Enquirer: 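First, the structure itself, so that you have it in front of you.
As the structure is a computational prediction, the values presented were derived from the model and not from experiment.
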Amino acid sequence: MKELVEIIAKALVDHPEEVVATETENDNVITIELHVAQEDMGKVIGKQGRIAKAIRSVVKAASSKEDKKVNVDIIQ
């Protein structure tokens, strides 16, 4: 899942070298923290959070095969 989030985020930002995703797992919950450059935050979140919501939807669809819940947190 982490790789999927990184690929999507790197395609959106101006500084793809600063995109870092970390993954932690507790029970059946996977938490992915996405770190991007300060000036790229708006591009990853989008107007009214639409892009962030779309990223979360894609990850949720991909994780449905594994029967695990995935949370994506965007951090600067």
Enquirer: Can you give the donor-acceptor pairs under 3.5 Å from side chains of residues 3-21 to other protein atoms, not counting sequence neighbours?
Expert:
unit_1: E6; atom_1: OE2; unit_2: A21; atom_2: N; d: 3.3
unit_1: D14; atom_1: OD1; unit_2: K43; atom_2: NZ; d: 3.3
unit_1: D14; atom_1: OD2; unit_2: K43; atom_2: NZ; d: 2.2
unit_1: H15; atom_1: NE2; unit_2: E39; atom_2: OE2; d: 3.2

Enquirer: Look up atom CE in M41 and atom CD1 in I75, then write down how far apart they are to the nearest 0.5 Å.
Expert: 8.5 Å
Enquirer: With the side chain counted from C-beta on, respond yes when N26 and T31 share a heavy-atom pair under 4.5 Å apart, and no when they do not.
Expert: no
Enquirer: Testing the basics here: between V29 and N71, what is the closest heavy-atom pair and its distance to 0.1 Å?
Expert: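 The answer is CG1-ND2, 3.7 Å.
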Enquirer: State which residues pass side-chain contact (heavy atoms from CB on, under 4.5 Å) with S63; sequence neighbours excluded, sorted by chain then number.
Expert: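 With neighbours one apart ignored, the set is M1, V70.
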Enquirer: About how many Å separate CG of L34 and NZ of K2, when rounded to the nearest 0.5 Å?
Expert: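 Reported value, rounded in 0.5 Å steps: 11.5 Å.
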Enquirer: What distance do I74 atom CD1 and I32 atom CD1 have between them, rounded to the nearest 0.5 Å?
Expert: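 Spacing of CD1 (I74) from CD1 (I32) equals 11.5 Å.
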Enquirer: Which atom names give the shortest non-hydrogen contact between E66 and I30, and what distance separates them?
Expert: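 Where E66 meets I30 most closely, the heavy atoms are OE1-CD1, 4.5 Å.
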Enquirer: Could I get the full list of salt bridge (charged side-chain N to carboxylate O under 4.0 Å, His left out) partners for E25, not counting sequence neighbours?
Expert: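 Salt bridge (charged side-chain N to carboxylate O under 4.0 Å, His left out) list for E25, sorted by chain: K68.
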